[in-house]
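Chain letters run A, B, ... following the sequence lines, proteins first, then strands; residues in each count from 1.
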Protein chains: 2
Amino acid sequence: MPATQLRAASPTGSRTGTREAILALALDLLQARGFNAFSYQHIADRLGIRKAAVHYHFPTKADLGLALVAHYRAQFEDWRGAQMEKGAGPLQLLRGYMAISLHFLRDGGKACPLGVLEAEFASLPPPLREAVTALDTELREFLAGVLEAGRRAGIFRFDGPAADKVLVITASLQGGLHIARAAGARSFTRMLRQLERDLGITND
Amino acid sequence: MPATQLRAASPTGSRTGTREAILALALDLLQARGFNAFSYQHIADRLGIRKAAVHYHFPTKADLGLALVAHYRAQFEDWRGAQMEKGAGPLQLLRGYMAISLHFLRDGGKACPLGVLEAEFASLPPPLREAVTALDTELREFLAGVLEAGRRAGIFRFDGPAADKVLVITASLQGGLHIARAAGARSFTRMLRQLERDLGITND
DNA sequence: GTCTATAACGTGATAGAC
DNA sequence: GTCTATCACGTTATAGAC
């Protein structure tokens with residue numbers, strides 16, 4: 001998923017896609033290195049522009065962080081919309097959601113943006129913390145609906161509230177992506193299979 | 001767990017426990033803020049000494065990181081030794097392990113040291129990465145033994161290899177501690193209950 | 001073992017020309 | 001919208017006195 005980005009120069013020499021290019025690259029850096037471990041300089045170097053140009057689009061790093069969360073949220077909404085349009089069922093939705101994490105892993109060992117920001121939570125600007133909390137809640141509510149629908153339909157089997165099962169699944173996905181850096185990519189695919197076993201999903 | 005630390009002045013005005021005090025505080029900072037989000041200055045300020053004194057004990061931050069992993073590993077070995085000494089069974093061992101994470105959470109919303117370092121993995125000095133990988137492997141091997149013994153004894157019920165189930169549990173614990181920063185402490189205790197349900201443990 | 005002082009660098013951020 | 005130039009600050013790290 002190279003993401004939707006740049007190219008499409010305006011009549012002048014300026015590129016109207018710079019803002020989007022910054023967002024796409026910054027999201028990559030966030031997922032690969034963490035919010036505190038990438039800088040405006042890194043972005044400028046890899047985009048072939050100057051730091052000041054980055055500051056023009058995102059005056060402070062808190063602004064950039066907020067835009068990153070909004071960007072990721074928009075990507076999720078797009079994905080959800082596409083799934084709904086093709087009438088995906090609970091199993092397809094859950095596996096599709098897991099596949100997103102798998103794509104992150106295979107794209108250079110990236111982690112979940114939310115998982116990264118929550119790991120660095122205490123050092124984040126307060127407005128960014130609030131945005132993280134809001135998106136985290138939204139994602140878990142979506143997944144709880146998927147799990148509950150799947151259980152009613154006899155596709156998933158688990159005890160307890162769907163909201164609690166969601167906590168195990170999202171924590172596993174976020175934590176599993178981090179562990180995979182130390183334990184290898186195979187650890188994550190094995191973990192995914194175990195998550196399915198724990199839901200009573202039988203693989204032929 | 002205020003940790004074992006300082007006090008016990010030597011004949012001169014110097015404290016022989018400075019090294020241990022640095023380690024204890026740095027571990028706190030690592031778990032609360034992350035490896036990239038605490039500095040020698042933070043340590044010096046809170047200990048009432050100068051930065052140079054910290055560098056005397058741990059010349060580079062990589063040295064400090066390696067010592068932190070060794071320190072945490074020693075704490076785990078102590079805990080494991082105490083459990084073995086009192087003949088703890090699989091359920092007691094698993095719950096004791098989960099309780100460690102719960103203590104972290106309640107001690108100011110700290111996370112697992114390994115979970116934090118794995119989240120920042122790409123930005124860590126290579127030697128530190130290797131130490132993280134080694135300890136991560138050791139902890140999962142220990143837990144796999146606990147799970148397998150518990151399954152044989154009819155205490156735990158789960159499908160698939162114990163090593164895979166361990167991946168779900170450790171990823172859940174590490175990820176759950178991060179999510180708790182955004183979702184609140186209750187999310188973590190609910191997740192722990194779900195982990196027990198998923199192991200067929202019945203709570204009266 | 002701890003201190004003062006400083007070096008060398010990277011960071012987020014701003015001013016003002018083009 | 002991007003540039004050059006600069007600032008103020010925090011960072012890791014070292015030298016040398018006490």
- Query: Would one find a side-chain N or O of B:T18 under 4.0 angstrom from OP1 or OP2 of C:dT2?
  - Reply: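 It does, given that an N or O in the side chain of B:T18 lies less than 4.0 Å from OP1 or OP2 of C:dT2.
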Roughly, in whole Å, what's the span from [atom1] in [X] to [atom2] in [N]?
X	N	atom1	atom2	result
A:Y56	C:dA15	OH	P	16 Å
A:D45	C:dG12	CG	C1'	15 Å
A:H57	C:dA13	NE2	P	16 Å

- Query: Applying salt bridge (Lys or Arg N to Asp or Glu O under 4.0 Å), which residue pairs with at least one partner in residues 171-195 of chain A are found, sequence neighbours left out?
  - Reply: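 Found A:R190-B:D164.
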- Message: By the side-chain hydrogen bond (donor to acceptor under 3.5 Å, both in side chains) test, which pairs, at least two apart or in different chains, include something from residues 122-133 of chain B?
- Response: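 Listed once each, the pairs are B:N36-B:S123.
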- Base versus backbone protein contacts along nucleotides 3-18 of chain D [heavy-atom cut-off under 4.0 Å; B, S, -]: BB------SBBB----
Donor-acceptor pairs under 3.5 Å, side chain of residues 83-90 of chain B to any protein atom, not counting sequence neighbours: which ones?
none

Side-chain donor-acceptor contacts of residues 44-56 of chain B below 3.5 Å, not counting sequence neighbours, with atom names and distances?
residue : atom : partner : partner atom : Å
B:D45   : OD1  : B:Q41   : NE2          : 2.9
B:H55   : ND1  : B:P59   : O            : 2.8

Let me check something: any side-chain donor-acceptor pairs from residues 140-149 of chain B under 3.5 Å, sequence neighbours excluded? List them with distances.
residue : atom : partner : partner atom : Å
B:R140  : NE   : B:D136  : OD2          : 2.8
B:R140  : NH2  : B:D136  : OD2          : 2.6
B:E148  : OE1  : B:R151  : NH2          : 3.1

- Query: If only atom types and distance count, is the side chain of B:Q31 paired as donor or acceptor with the main-chain N or O of B:C112 below 3.5 Å?
  - Reply: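 A pair under 3.5 Å: no.
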